[in-house]
Amino acid sequence: MTDTLTVAVLGTGIMGAAMARNLLKAGHTVRVWNRSADKAAALAGDGAVPVESAAEAVRDADVMLTMLYDGAAVSEVMDEALPAVRSGALWMQSTTVSLDDVDRLAARAAEHGLAFYDAPVLGTRQPAEAGQLTVLAAGPGERREELTPIVEAVGSRTVWLDRPGDATRLKLVANSWVLALTHAGAETLSLAEALGVDPDRFFQLIEGGPLDNGYLRAKVGLMRSDQLSPASFAVTTAEKDARLIAEAGRRHGVRLDLVEAGAERFRRAADQGHGDKDMAATYYASFDK
Ligand code: NAP
């Protein structure tokens, strides 16, 4: 393999489209497929080759990148793609999925002679657009060098882990923190407003101390300015991740009350009509309407 590869990007939503653009900037040949074809077609101007089926995208590709909604979507798309894939190709699976999904997808990859990398990412729309994601990549050590140009095109940091599942475990742990901070910001802001406390007074109080946090400030800033569209990470996707985390906790004997409550906040915000907005819209779940 050379450093310039043919990459099939399956799923060109918020994250997949940004990753495809950075793969193009790095000089790779990129075929893009998306269920709603308009999102793949929009990448033609960047030099991508939009195709009509997942099978067409993966045919003779060196690398497949799946960046879909969840494990069920990945299975469905790969049912169509796998029969067309070249044995020996690399599969970078970056959709956030459950640990069971990782096992199932890794087994299917093995049936087709693929090198499977469980490779979720940290970072949202803006880091994805800037090629600044952190990639958590767990898969065969002997093929790492071949995947390196891909992870370096989409991210600025790669954490290599040994076995499929290791990366998803770390991703779920990291997301439990991200989601908790977002909800904590929403509740702190709504409480301050309800009690007639100027939220700026709260931020002045914590400024520069161990309670201060840049992510909290950023998310609360979005809530205060009502800048929730377009989403960086949609409420519905965040609810999906919360449910994955809660399930992983239950399976492994820990009780995650905050994650469960957070999933309900996202559901309530979605029921209120905020499902497509940024997950900072958990703020609205503090109110009855
Ligand atoms: P998104 O914009 O909603 O994209 C989801 C993609 O999945 C779209 O291409 C969608 O196609 C496709 N899809 C959904 N169901 C499908 C199905 N049944 N069959 C085929 N395609 C299907 O979401 P995103 O924010 O890019 O997230 C993608 C993945 O990355 C998720 O697993 C998410 O948890 C993870 N992630 C997101 C972020 C973030 O900040 N956004 C950060 C890290 C990881 P359509 O366009 O046709 O709907």
Side-chain angles (χ1 to χ4, degrees), residues 8-22 32-43 48 50-55 57-58 64-82 92-99 101-102 105 118-137 151 154-155 157 159 167-168 170-179 181-182 215 218-219 222 228-245 247-248 263 266 270 275-282:
V9 177
L10 305 179
T12 55
I14 297 171
M15 300 296 283
M19 293 164 88
R21 284 197 179 93
N22 285 314
V32 285
W33 173 84
N34 196 67
R35 179 180 62 177
S36 313
D38 55 321
K39 290 186 196 165
L43 292 161
V51 293
E52 282 179 11
S53 70
V58 303
M64 291 183 295
L65 168 62
T66 43
M67 199 40 159
L68 298 154
Y69 179 68
D70 63 2
V74 179
S75 289
E76 209 177 294
V77 170
M78 294 315 280
D79 280 345
E80 196 210 317
L82 280 171
M92 175 170 167
Q93 201 310 102
S94 293
T95 313
T96 306
V97 300
S98 72
L99 290 167
D101 287 327
V102 174
L105 297 173
D118 166 31
V121 299
L122 299 186
T124 187
R125 181 193 289 270
Q126 193 278 331
E129 287 172 353
Q132 302 275 318
L133 295 170
T134 295
V135 182
L136 311 177
V151 295
V154 301
R157 183 179 174 206
V159 178
T168 286
L170 182 54
K171 167 70 182 171
L172 296 179
V173 169
N175 263 22
S176 77
W177 174 234
V178 169
L179 300 184
L181 263 180
T182 305
Y215 187 83
K219 282 294 179 200
L222 293 181
L228 303 172
S229 298
S232 289
F233 185 26
V235 165
T236 47
T237 315
E239 181 190 346
K240 179 265 298 181
D241 280 11
R243 307 250 178 237
L244 292 180
I245 295 163
E247 181 203 335
F266 286 137
D276 290 339
K277 294 184 185 167
D278 190 78
M279 67 166 165
T282 173

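Source: prediction; values computed, not measured. Read the numbers this way: they start at 1 and go in the same order the structure lists the ligands and their atoms.
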Does this structure show an ion pair linking Asp278 with Lys219, if we count only N-O contacts that are shorter than 4.0 Å?
yes

Tell me which donor-acceptor pairs under 3.5 Å the side chains of residues 122-134 have, and how far apart each pair is, sequence neighbours excluded?
| from | atom 1 | to | atom 2 | distance (Å) |
| --- | --- | --- | --- | --- |
| Thr124 | OG1 | Ser232 | O | 3.0 |
| Arg125 | NE | Ala231 | O | 3.0 |
| Arg125 | NH2 | Ala231 | O | 2.6 |

Ignoring hydrogens, what is the shortest heavy-atom contact between Ala42 and Arg21? Give both atom names and the distance.
O-NH2, 4.4 Å

What are the two closest non-hydrogen atoms of Ala238 and Leu179, and how far apart are they?
O-CD1, 4.0 Å

What are the two closest non-hydrogen atoms of Trp33 and Glu52, and how far apart are they?
NE1-O, 3.5 Å

State whether Glu239 and Arg243 are salt-bridged, where the test is any N-O pair (Lys NZ or Arg NE/NH1/NH2 against Asp/Glu carboxylate O) under 4.0 Å.
yes

Anything with a heavy atom under 4.0 Å from ligand 1 counts, so go ahead and list those protein residues by chain and number.
Gly11, Thr12, Gly13, Ile14, Met15, Asn34, Arg35, Ser36, Lys39, Met67, Leu68, Tyr69, Ala73, Glu76, Val77, Thr95, Thr96, Val121, Gly123, Thr124, Lys171, Ser232, Phe233, Thr237, Lys240, Asp241

